Structures are given as C-alpha cells and as structure tokens.
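Comments concern the structure below.
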Protein chains: 2
Amino acid sequence: MSTIDYDNYARIMKAIAHPTRLKILNLMRKECPCVKKMESVAEASQPNISQHLSLLRNLGIVEAEREGNLHCYQIKDQNVKIILDTLFE
Amino acid sequence: MSTIDYDNYARIMKAIAHPTRLKILNLMRKECPCVKKMESVAEASQPNISQHLSLLRNLGIVEAEREGNLHCYQIKDQNVKIILDTLFE
DNA sequence: AAGGTATATTCAATAGTTCGCATATGTGCA
DNA sequence: TGCACATATGCGAACTATTGAATATACCTT
C-alpha cells in the first residue's frame with residue numbers, strides 16, 4: 001500500500017545505532033533515568049551523554065520530564081520501543 | 001544474565017541504517033534478488049549497490065548464491081531478519 | 001579465444017559523526 | 001543575591017561513511 005519512507009526509517013535506525021545511545025535507550029526501557037544515572041551506567045562524560053540525548057530529542061525519539069532539578073528521560077517513539085524490545089528481549 | 005554486546009549491536013544497526021541498504025534488505029525479505037534487480041528497485045548505480053552489498057556481506061548480514069551468471073542475495077543474519085520484519089511488517 | 005553480461009574493487013573527493021574541552025543555562029536553597 | 005548542582009551548548013579536531021568514476025574480475029556463449 002503506502003510507499004515506505006526509507007529515508008525516515010534510516011534516520012531513526014541511525015540514531016539508535018551507537019553503543020552509548022543503545023545503552024541509555026536500553027536503560028530507559030526499564031526506568032526513567034536522569035542524566036547522572038546515564039553517565040554512570042554508560043560510562044561516558046556528562047557533555048557526551050547530553051549530546052547523545054540532544055540528538056535523540058531532536059528526532060522525537062525520547063523526551064525529558066523535569067523532576068525538581070533532574071531531567072528524567074523516557075522513550076517517546078513507540079516504534080523505537082518495539083525495535084529495542086526486539087533487540088534486547 | 002549475559003552482558004549485552006552493545007558495540008556489536010551498534011555495528012549491525014548501523015549497517016542497516018541507510019536508505020539504500022534498507023531498500024535492498026526489504027527486497028531480500030520477499031525474494032532472492034540479483035544485483036541488477038536491486039539496482040532498478042533502489043534506483044542506484046551498479047557500483048553503489050555492490051559497495052553496499054560488500055559492507056553487508058562483510059558483517060555476515062547477507063550472503064550471495066550463484067545462479068549461473070547471477071548473484072542472488074539473501075539475508076543470512078536471523079536477528080536482522082527479525083528487526084526488518086518488525087520495521088516493515 | 002573473444003565478446004558480452006554481471007558483479008566487484010579501488011581511489012579520491014566530499015560530507016557527516018563523534019568526542020573532548022570550555023562554557024553556558026537553569027533551578028533550588030542558604 | 002550567590003553558590004552549588006544538574007544539564008545543555010558551541011567549537012574544533014580526528015575519524016568514518018558515502019559516492020562517482022574508472023577499472024578489474026568472473027562466468028557464459030559462440
């Protein structure tokens with residue numbers, strides 16, 4: 001039926017296709033982590049984590065929710081959630 | 001249990017994450033196309049298709065089978081097949 | 001052997017990604 | 001207000017990916 005938007009799929013897949021981003025996304029499957037938490041789990045620097053989050057936010061893959069001084073991140077894109085479940089279940 | 005090999009997952013996902021490669025991989029889900037066929041479906045040049053196939057072959061994602069003068073490609077990596085099914089079903 | 005068809009490889013130019021470092025912004029609390 | 005903590009942004013250098021053009025290889029047929 002509908003023609004597939006390969007460019008868009010590729011953009012999403014590319015956003016997922018990075019070890020650090022996979023780590024923090026997998027973490028978001030189980031909880032709603034703040035940036036500090038991701039830093040320690042993914043063993044990357046704060047600016048680096050923030051850069052990856054910025055990329056994911058700009059594509060609408062994740063979204064942040066404030067809890068006081070913390071930014072708690074969660075997966076927003078349901079297709080991404082399904083792909084990650086397939087990958088990590 | 002097992003620690004997840006994020007680097008390896010990222011490598012696989014990155015290989016998939018390209019519009020032309022997604023197109024030819026989706027084609028391979030349905031048939032066992034030769035390079036000519038991929039050229040016309042993906043609207044890319046022969047060398048370009050071959051380059052993408054080389055990348056996918058080197059990662060063990062696809063494999064070719066000769067049929068006379070043609071190289072018929074199919075998806076070899078079952079995890080990739082599942083991810084593509086999830087993506088395109 | 002020669003020519004044709006199918007596919008692969010190499011190289012170089014360009015474009016895009018990643019990351020460290022420095023710095024900026026925003027919020028809560030004394 | 002001022003400090004501390006949490007997070008974001010900007011920039012540049014190093015690295016990686018993508019592609020076109022040219023060329024190479026391999027098989028089939030005559």
Side-chain angles (χ1 to χ4, degrees), chain A residues 6-28 31-76 80, chain B residues 6-28 31-76 80:
Chain A
Y6 288 98
D7 285 343
N8 193 50
Y9 278 118
R11 222 175 296 125
I12 300 294
M13 296 299 271
K14 197 148 71 169
I16 296 177
H18 186 284
T20 303
R21 291 197 292 272
L22 278 175
K23 271 179 218 165
I24 64 183
L25 285 167
N26 193 23
L27 188 59
M28 285 181 218
E31 54 188 287
C32 194
C34 68
V35 178
K36 278 260 147 199
K37 180 75 189 268
M38 299 187 227
E39 267 175 74
S40 69
V41 170
E43 299 179 67
S45 72
Q46 180 274 314
N48 189 235
I49 296 287
S50 256
Q51 284 162 343
H52 286 302
L53 287 172
S54 157
L55 185 154
L56 294 170
R57 250 188 291 113
N58 291 337
L59 284 169
I61 293 174
V62 303
E63 65 189 344
E65 203 174 308
R66 299 202 84 92
E67 280 187 23
N69 210 2
L70 303 179
H71 293 192
C72 297
Y73 276 86
Q74 57 190 344
I75 299 169
K76 185 181 172 188
V80 169
Chain B
Y6 289 99
D7 285 343
N8 194 49
Y9 278 119
R11 222 174 297 125
I12 300 295
M13 296 299 272
K14 197 147 72 169
I16 297 178
H18 186 286
T20 302
R21 292 197 291 271
L22 279 175
K23 270 179 219 165
I24 64 183
L25 286 167
N26 193 23
L27 188 59
M28 285 182 219
E31 54 188 287
C32 193
C34 68
V35 179
K36 278 260 145 199
K37 181 75 189 272
M38 299 186 227
E39 266 176 74
S40 68
V41 170
E43 301 179 67
S45 74
Q46 181 275 314
N48 189 236
I49 296 287
S50 257
Q51 286 161 343
H52 287 302
L53 287 171
S54 158
L55 184 154
L56 293 171
R57 250 187 291 113
N58 291 337
L59 284 170
I61 293 175
V62 303
E63 66 189 344
E65 203 174 310
R66 299 202 85 94
E67 282 189 22
N69 210 2
L70 303 179
H71 292 194
C72 297
Y73 276 85
Q74 58 190 343
I75 299 168
K76 185 180 171 187
V80 168

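Chain letters run A, B, ... following the sequence lines, proteins first, then strands; residues in each count from 1. What you see is a predicted model; the values in this text were computed from it and never measured.
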Would you mind classifying the nucleic acid contact of K37(B) as base, sugar-phosphate or nothing, using non-hydrogen atoms under 4.0 angstrom? nothing

Sequence neighbours excluded, the answer for side chain to side chain donor-acceptor pair (under 3.5 Å) partners of Y9(B) is none

Separation of L53(B) CG from I24(B) CD1 (nearest 0.5 Å): 4.5 Å

Base contacts versus sugar-phosphate-only contacts with protein, heavy atoms under 4.0 Å: please encode nucleotides 20-27 of chain C as B, S and - from 5' to 3'. BBB---BB

Can you tell me how far P of dA8(C) sits from CG of L70(B), to the nearest Å? 11 Å

Could you pick out which residue, H71(B) or T20(A), lies toward the 5' side of DNA chain C when each is mapped onto its nearest nucleotide? H71(B)

Please report the distance, rounded to the nearest Å, between NE2 in H52(A) and P in dT17(C). 13 Å

Can you check the R11(A) CZ to dT17(C) P distance for me, whole Å? 11 Å

To the nearest 10 degrees, how far apart in direction are the end axes of the helix from dA1(C)-dT30(D) to dA30(C)-dT1(D), each fit to five base pairs? 20°

Mind checking side chain to side chain donor-acceptor pair (under 3.5 Å) for N8(A) and listing every partner two or more places apart, or none if nothing turns up? R11(A)

Sorted by chain and number, sequence neighbours left out, salt bridge (charged side-chain N to carboxylate O under 4.0 Å, His left out) with E31(B) holds for K37(B)

Nucleotide interval of DNA chain D bounded by contacts with chain A (heavy-atom cut-off, under 4.0 Å): dC5(D) to dC11(D)

